[in-house]
Amino acid sequence: MRQLVGNLREGVYVTDLDGRILDANAAFLEMFGVASLEEMKRYNAYDLFVDPEQRTRQLDVLIRQGAVRQFEIQIRRPDGEIRTMMDASTTVRDPDSDEVVFHGILVDITDRTRSEEELSRTLSLLSATLDSTADGILVVDGDGRIATYNRRFVEMWRIPDEIVASRDDSRALAYVLDQLQDPEGFVRKVRELYAAPEAESHDELLFKDGRVFERYSMPQRIGGRSVGRVWSFRDVTKRKAAEQQLVHGAYHDALTNLPNRSLFTDLLSRSIGRAQRRESYAYAVLFLDIDRFKVVNDSLGHLVGDQLLVAMARRLERCVRPGDTVARLGGDEFTILLDDIDAVSDATRIADRIRRELRVPFSLGGQEVFSSASIGIALSATGYERPDDLLRDADLAMYRAKALGKGRYEVFDTEMHARAVALLQLETDLRRAVERDEFCVFYQPVVSLRTGRPIGFEALARWQHPQRGLVLPDEFIPVAEETGLIVPIDRRVLREACRQLGEWQAGFATEPPLTMSVNLSAKQLLQPDLVDQIARCLDATGLAPERLRLEVTESAIIDHAEPALAMLGRLRALGVRLDLDDFGTGYCSLSYLHRFDMDTLKIDRSFVSNIGDRGQNSEIVRTIVSLARNLEMAVIAEGVETAEQLALVRSLDCEQMQGFLFAEPLPAGAAAAMITAKARW
Ligand code: C2E
Ligand code: MG
Ligand code: MG
């Protein structure tokens, strides 16, 4: 028996009631790090307890119940190391000495305790993580029953507590399925994964109420064997919405919510491709620009302008068929892609429908606003390869529609293209002309109707084209204005006209001294150094400022009202005179006219030229003259060609006139001759 006990791995011992160690096996000695029984006997077992309290409690149980089982104690070994042991001991009466002793068995559980502690720490960490994560987590065992889940899971799926607590997966599943857009798909995926215990998966779940969850699934493994499955759900509704917003925003116009240029171009590319593959397929692009949108913006404000764009978008959408696309290209420009049309008439019919639709006024911010649009149409028949080419041609056709009187449509034809090419050529030529200074100035007399004598001249630009000879302003001024080349041209004319007047002045003094009228384009009017430029010209030529008359058109001012008015104020301060050119052709509201503070009104020649024929225009001229009187402005009648017209403007009390009847614009030499000849009407 002693040998048997000696071989046990558990420590076996005998002590008396006072804690003296009477006997112990080898395992016991080893547990205490003591070499021999003799040495061990030198220690009292009670002294080895770390906590005397613990010893008292153990003794108490032992004496009252005769035995202790599984009593955990802390022992300090003679070498000082502290170990945790599990003690089981009994009181026994020693038959030899008839004394009561304790027989005990000790197991060192220090290592086990330590790993248990670690395990529970890990477990608590895991469960804290599980409950603090933003993901909903569900663990299902091998039989498909709910093993565990976190709080977030229950919240996300809005499952009543009692259902989850019941661990009944079929009830929970029914609850889950009811919320999904595609419950069958969900079940299919779950089945698939149960059939493949090792598989991982990741997909998205769409809810009936619009929420979106990401779903991850992974097998739960123990020792490499899968024993269940972990499902993790993440609510990505907000992120998805933001992503969609981003994608939508990249392809849509924020104001009208219509497709923007890049989406339109994409769609158009697709149509182009289809047309190349299928001969029978045809499409059309409508390019639409709101007429006088600027007037709405300037007079009613940007807010109303924006409202008009939105309302326009909605109306355009009403005019097209379901497969067609209405897009906003930018500003007041819209494009429409008509998909799969049979004939040109399909496109023109839509254009007509839009025109009809626009006859009804828009009601914006409590006001009725009438608006029309000019529409250009380009057809696939021309064999396009790039979206930009189509847009360009539809745009050209739109410009044509505008030029022909607005509120109408034009279908692109090759002649328009030829015209556009010619325009481009003109632009190139004009650039070169500015570089080489191919411009000269002609002078048309401004005649006093009282004396019949020239009181001054209007400087008019002429382009001495190396091949084409003299080119008139009507042909190149619009292009020059569009390209900005007008600025150097105007500057050149201004300088030359002042120089010329200075020369005439020195040569032959007239009484009253001659004036010089110079035209200013809108672009020139907005040049910040314009006042300096003019002051320098006056300085260089010694002219008094009031001898210079600057001609500005209504539209030049209206288009940039505030800065233009500010500039007019500075020019006035300089002392030069200001004339309103081409009066009656712009959209000058009378309230504006009063703010302009101009010296003279020039009645546009279109009114003067017709007064002979029918009475109507003479009434307009009469009205303009009396308007000028009320505003204390002088009046010049432009374009007087016949004696009849002259008689009429004279009878209407105009002070001055210009016209072929007296003289056409002349080269400087001829104009000088006219002064010296003291020509008079
Ligand atoms: P505008 O300032 O109204 O100039 C008067 C135009 O009417 C001139 O045309 C002149 O030749 C024309 N005209 C004068 N009397 C008669 C007439 O009895 N019958 C007819 N049918 N026409 C008459 P022009 O020189 O061809 O200039 C056209 C326009 O080009 C000018 O209209 C002006 O707006 C612009 N322009 C001319 N030179 C310049 C310039 O140096 N700078 C700027 N910015 N514009 C200029
Ligand atoms: Mg003029
Ligand atoms: Mg004029």
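Given the structure is predicted, the values throughout are model-derived calculations rather than measurements. Both counts, for ligands and for their atoms, begin at 1 and track the order of listing.
- Ligand 1 places these atoms under 4.0 Å from at least one heavy atom of V640: 18 (O).
- When the options R492, Q444, Q645 are ranked by their closest heavy atom to atom 15 (N) of ligand 1, first place goes to Q444.
- Taking every non-hydrogen atom of V493 and a distance limit under 4.0 Å, the qualifying atoms of ligand 1 come out as 41 (O).
- Scanning D490, I477, L661, D582 for the heavy atom closest to atom 34 (O) of ligand 1 points to D582.
- Counting the atoms of ligand 1 from 1 in the order shown, those under 4.0 Å from a heavy atom of G639 are 15 (N), 16 (C), 17 (C), 18 (O).
- A salt bridge links E655 to R629: at least one charged side-chain nitrogen sits closer than 4.0 Å to a carboxylate oxygen.
- For E481, no nitrogen or oxygen atom sits less than 3.5 Å from a nitrogen or oxygen atom of ligand 1, counting backbone and side chain alike.
- Not close to ligand 1: E664, with no non-hydrogen atom less than 4.0 angstrom away.
- Between E357 and R359 there is no salt bridge, since no side-chain nitrogen of the basic residue lies less than 4.0 Å from a carboxylate oxygen of the acidic one.
- Side chains of R547 and Q505: a donor-acceptor N/O pair is present below 3.5 angstrom, by distance only.
- Of all the atoms in ligand 1, the ones that sit under 4.0 Å from a non-hydrogen atom of P665 are 11 (O).
- Residue contacts to the Mg ion (ligand 2): D579 brings no N, O or S atom closer than 2.8 Å.
- With atom 30 (O) of ligand 1 as the reference point, the heavy atom nearest to it among P473, S606, A637 is part of P473.
- Annotation: cation-pi geometry not satisfied between R492 and F439 (NZ/CZ under 6.0 angstrom from ring centroid, within 45° of ring axis).
- Listed by atom number, the atoms of ligand 1 under 4.0 Å from D474 heavy atoms are 28 (C), 29 (C).
- Between the side chain of N260 and the backbone N or O of S262 there is at least one donor-acceptor pair closer than 3.5 Å.
- When the options Q524, E638, K602, E496 are ranked by their closest heavy atom to atom 3 (O) of ligand 1, first place goes to E638.
- Expressed to the nearest 10°, the angle at the Mg ion (ligand 2) joining OD2 in D581 with OE2 in E458 is 180°.
- Backbone and side-chain nitrogen or oxygen atoms of N519 are examined, and one is located within less than 3.5 angstrom of a nitrogen or oxygen of ligand 1.
- Outside the 6.0 Å centre-distance limit, the rings of F412 and F287 are not counted as a close aromatic pair.
- For atom 22 (N) of ligand 1, the nearest non-hydrogen atom from the set F660, W463, F439 comes from F660.
- Numbered from 1 in the order shown, with element, the atoms of ligand 1 that lie under 4.0 Å from a heavy atom of E551 read 2 (O).
- Looking at E458 and N519, their side chains do bring a donor and an acceptor atom within 3.5 Å of each other.
- When only modelled atom types and interatomic distance are considered, D289 and S374 share no side-chain donor-acceptor pair under 3.5 Å.
- With R328 contributing its side chain and L258 its backbone, the two residues share no donor-acceptor pair below 3.5 Å.
- Looking at every heavy atom in both residues, L568 comes nearest to L578 through O-CD1, 3.8 Å.
- With no hydrogens or angles considered, no side-chain donor-acceptor pair links Q658 and E638 at under 3.5 Å.
- For the pair A461 and ligand 1, the shortest N or O to N or O distance falls below 3.5 Å.
- Metal site remark for the Mg ion (ligand 2): N519 contributes an N, O or S atom at a distance under 2.8 Å.
- The pair E503-R499 meets the salt-bridge criterion, since a charged nitrogen lies less than 4.0 angstrom from a carboxylate oxygen.
- For E551, the N/O/S atom at the shortest distance from the Mg ion (ligand 2) is named OE1.
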